[in-house]
Amino acid sequence: MRTQVAIIGAGPSGLLLGQLLHKAGIANVILERQSADYVLSRIRAGVLEQVTTDLLDEAGVGTRMHQEGLPHTGFDLLFGGERHRIDLHSLTGGQQVMVYGQTEVTRDLMAARQAAGLPTVYQAGDVSVHDFDTQHPQVRYQQDGAWHTLDCDFIAGCDGFHGVCRASVPEGAVTEYEKVYPFGWLGVLSDTPPVHHELIYANSTRGFALCSQRSATRSRYYVQVPLTEKAENWSDEAFWHELRQRLDPEARETLVTGPSLEKSIAPLRSFVAEPMRFGRMFLAGDAAHIVPPTGAKGLNLAATDVKYLSSAFTEYYTERSNAGIDHYSQRCLQRIWKGERFSWWFTSLMHRFPDGGAIGQKLQDAELAYLVQSKAASTALAENYVGLPL
Ligand code: RFL
Ligand code: PHB
């Protein structure tokens, strides 16, 4: 089999890239290790920046997002037992974010890909990438017990943090920067109305909590837990009890609880691999970088990579220009490091650090007070949250 771009991974990065390339008339095949149902069962991001919603529109998959997504013009910061609204709209000159789950983004992209009849191989086994330092890269994989070879012009590594593409780069060709945080997020999805119509990011003496949502009837909540915790050791009751204790009196009172539809623990990490191009193989999304989810940046940074990568390939095929390809890594990394900085800062501000001590808490309290009192500081938070300009 032969194609122009072989895409590894059918997460949001791979699917969005496939759709944008298809719109530009560039043939592509996606190879995904898991089944489509498994990909859709992973509950992840919830907040989309304007850059991301624009790109979904450009890819022709924005209709349901505009019907069912929830535009948010602000969120609450909760600390010292009180809530303070960050008015994104007024602080950023009219910008907002869209609350629409990654699962739904993925579902819309899968449906569009299927409707266009584009080739996707799910449950592709033992995917391996070859000869990407030559003009003739190859991808090999197994399906139903038989081996297959895919010849291509380019390989797009959209295969997430644990993928095969970054792992196949020769040692010494890539530099990795990493910070692992000493806690994780225990998340619960439930068919209960959200405790508040906007998100609440809480810094409490018991640790961070986040009240998010997927719709008027579906909520997503998170609490900071030690890395040693296991999701199966948390009953629903224990989760709701812990969440309640981290909220303000009003939210504690109005929180509606119910059975969890999903419960899992995600570790928190900051990670960047540089560069993101290796000959004719390119990394995009979580394959190249991870942020802690506090700033809601992961999927949005992935979308920007995909925007730059699809325009680089389009330039290559329509104008025979290598300019976009040559600048891809540098262009992405400029934005990625700003997203990394913001996510690290917001994580550091909102979580309890095991070795932070009493002074750590006092310094956080002072910074939070400054953040809501100073328009300059609130503006810096708001402009990063809605997404810095491209
Ligand atoms: P994904 O989603 O990990 O998809 C990679 C795909 O590649 C497949 N794969 C392979 N396929 C073939 N062969 C192999 N050898 C393969 N190895 C892997 C995998 O099966 C998978 O299907 O990466 P992608 O597409 O780059 O998308 C990135 C996003 O998923 C991620 O950045 C966000 O979910 C991060 N994130 C958030 N981002 C936001 O922008 N806003 C948010 O509000 C937000 N909240 C979150 C988050 C991530 C979280 N977790 C669980 C880490 C909240 C949480 C809790
Ligand atoms: C989510 O709804 O899953 C979510 C929202 C905001 C974040 C992280 C996750 O910062």
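Each ligand, and each atom within it, is numbered from 1 in the order the structure gives.
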| query | Short N/O distance, under 3.5 Å, between Y385 and ligand 2? | reply | no
| field | Residue and atom name of the nearest protein heavy atom (relative to atom 39 (C) of ligand 1), distance in Å to one decimal | value | L299 N, 3.2 Å
| ligand 2 atoms in contact with T294 (distance to a heavy atom under 4.0 Å) | 10 (O)
| said: Minimum distance, heavy atoms only, to atom 7 (O) of ligand 1: which one of T294, D159, D305, I265 is it? | reply: D159
| Just wondering, do E340 and V272 contact through their side chains at under 4.5 Å, heavy atoms? | yes
| task | Have a look at ligand 1 and work out which part of P12, if any, has a heavy atom under 4.0 Å from it: side chain, backbone, both or neither. | result | both
| Counting both backbone and side chain atoms, is some N or O of P293 under 3.5 Å from an N or O of ligand 1? | no
| said: Would R220 count as being in polar contact with ligand 2, using the rule that some N or O on each side must be under 3.5 angstrom apart? | reply: no
| query | Any N/O of R42 closer than 3.5 Å to an N/O of ligand 1? | reply | yes
| field | E176 with R166: basic N within carboxylate O range, under 4.0 Å | value | yes
| message | Could you identify the single nearest non-hydrogen protein atom to atom 10 (C) of ligand 1 and state the distance to 0.1 Å? | response | R33 CB, 3.7 Å
| task | Check each heavy atom of C158 against ligand 1 and say whether those closer than 4.0 Å belong to the side chain, the backbone, both or neither. | result | backbone
| query | At a 4.0 Å threshold, what atoms of ligand 1 neighbour a non-hydrogen atom of G163? | reply | 17 (N)
| said: Taking distance alone, with N or O pairs closer than 3.5 Å, would you say I43 contacts ligand 1? | reply: no
| said: Measuring from non-hydrogen atoms of R44 to any atom of ligand 2, is the shortest distance under 4.0 Å? | reply: yes
| query | At under 4.0 Å between heavy atoms, which part of K297 makes contact with ligand 1: side chain, backbone, both or neither? | reply | backbone
| request: Mark the output for F161 as yes if a heavy-atom distance to ligand 1 is under 4.0 Å, and as no if none is. | output: no
| field | Distance-only N or O hit between ligand 1 and E32, under 3.5 Å | value | yes
| message | Counting only heavy atoms closer than 4.0 Å, does ligand 2 sit against the backbone of L199, its side chain, both, or neither? | response | side chain
| note | Note: heavy atom closest to atom 24 (P) of ligand 1, options G11, S13, G9, S343, belongs to S13
| said: Please determine whether any non-hydrogen atom of G187 lies less than 4.0 Å from an atom of ligand 1. | reply: no
| remark: Short version for W185: what comes under 4.0 Å of ligand 2, heavy atoms counted, is side chain
| request: May I ask you to check if ligand 2 and Q213 share an N or O to N or O distance below 3.5 Å? | output: no
